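Being a predicted model, the structure only gives us computed values, none of them experimental.
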Amino acid sequence: DTEVTQTPKHLVMGMTNKKSLKCEQHMGHRAMYWYKQKAKKPPELMFVYSYEKLSINESVPSRFSPECPNSSLLNLHLHALQPEDSALYLCASSPQQGQGAGGANVLTFGAGSRLTVL
Amino acid sequence: GIQVEQSPPDLILQEGANSTLRCNFSDSVNNLQWFHQNPWGQLINLFYIPSGTKQNGRLSATTVATERYSLLYISSSQTTDSGVYFCAVKGRGGSEKLVFGKGTKLTVNP
């Protein structure tokens, strides 16, 4: 069983809908991540939160809006998405994040939320 | 930025066979992780190995940082080993993000 929980597992939405993906971890990790993965491709980093502050935004379109309400929760708010945004969205966490963190950068991934935009 | 190349892109084995997966990277790294993604999409961290050798059951990994490569060994493969194996690295002094290779897709047939 994964220690990072993502909900929902599957989501189908229209281009005018607003929905949210949720991620939760109780390992005391202080860094949380959103990745996007298209079929047959590696995960692509979208956002990183470190100590509940946004530390990396990989130039993600504003129709994706991350939120970190507390150290255990990470949300990804979705609005006005396009069909090409259909993908597997992966949440991950690590004890810490950054160049000096060494082994504390080890990522634990959730099972993912598979999003289909119609 | 740092480049990561994995080989082979695809590998098909019979159950019980051994295999070696390779990850080459273009610059010095201070973080290297191997992951296994099962057919349902779950990514599992196998090793954190910026240098040296580690073993966990039938899996082992070696990173030769000075020569900029890492190897993942799978012995006595099982059908549950099927999936995609990713190598991900973080370069020294560069971007703080982990850069993933394109992966090696392993199929283990019974």
Main-chain N/O of A:N105 paired to B:Q33 side chain as donor or acceptor, under 3.5 Å:
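Yes; judged by distance alone, with no hydrogens or angles, the pair exists.
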
A:E44 (side chain) donor-acceptor with B:F100 (main chain) under 3.5 angstrom
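No, the answer is negative, given that no donor and acceptor are paired below the 3.5 Å cut-off.
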
Residue selection (most heavy-atom pairs with chain A, distance under 4.5 Å) from B:N38, B:N45, B:I44
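Sorted descending by pairs with chain A, the first entry is B:N45.
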
side-chain contact (heavy atoms from CB on, under 4.5 Å) assessment of A:K41 paired with B:K102
CA-CA 6 Å; A:K41 298 287 187 183; B:K102 292 184 177 180; over 6 Å; no

Answer yes or no: is there a side-chain heavy-atom contact under 4.5 Å between B:F35 and A:P43?
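Result no, sub-4.5 Å side-chain heavy-atom pair not found.
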
Heavy-atom side-chain proximity of B:Q42 to A:L90 below 4.5 angstrom:
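With C-beta onward as the side chain, the pair stays apart.
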
Do [X] and [Y] sit in the same hydrophobic cluster, where Ile, Leu, Val, Met, Phe, Trp and Tyr count as joined when their side-chain heavy atoms come under 4.5 Å apart?
X: B:V29; Y: B:W34; result: yes
X: A:F47; Y: A:Y35; result: no
X: B:Y73; Y: B:L32; result: no

Apply the test side-chain contact (heavy atoms from CB on, under 4.5 Å) to residues A:L107 and B:L98: give CA-CA distance (whole Å), side-chain angles for both, the deciding distance (0.1 Å), then the verdict.
CA-CA 10 Å; A:L107 296 180; B:L98 214 53; 3.6 Å; yes

Greater than 12 external heavy atoms within 6.0 Å of [X]'s [atom1]:
X: A:K38; atom1: NZ; answer: yes
X: A:E67; atom1: CD; answer: yes
X: A:M27; atom1: CE; answer: yes
X: A:K18; atom1: NZ; answer: no

To check you understand the geometry: which heavy-atom pair defines the closest contact between B:G101 and A:P42, and what is its length?
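In this case the closest contact between B:G101 and A:P42 is O-CB, 3.2 Å.
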
If you take all heavy atoms of A:L88 and B:G41, which pair is closest and at what distance?
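Residues A:L88 and B:G41, closest heavy atoms: CD2-O, 4.1 Å.
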
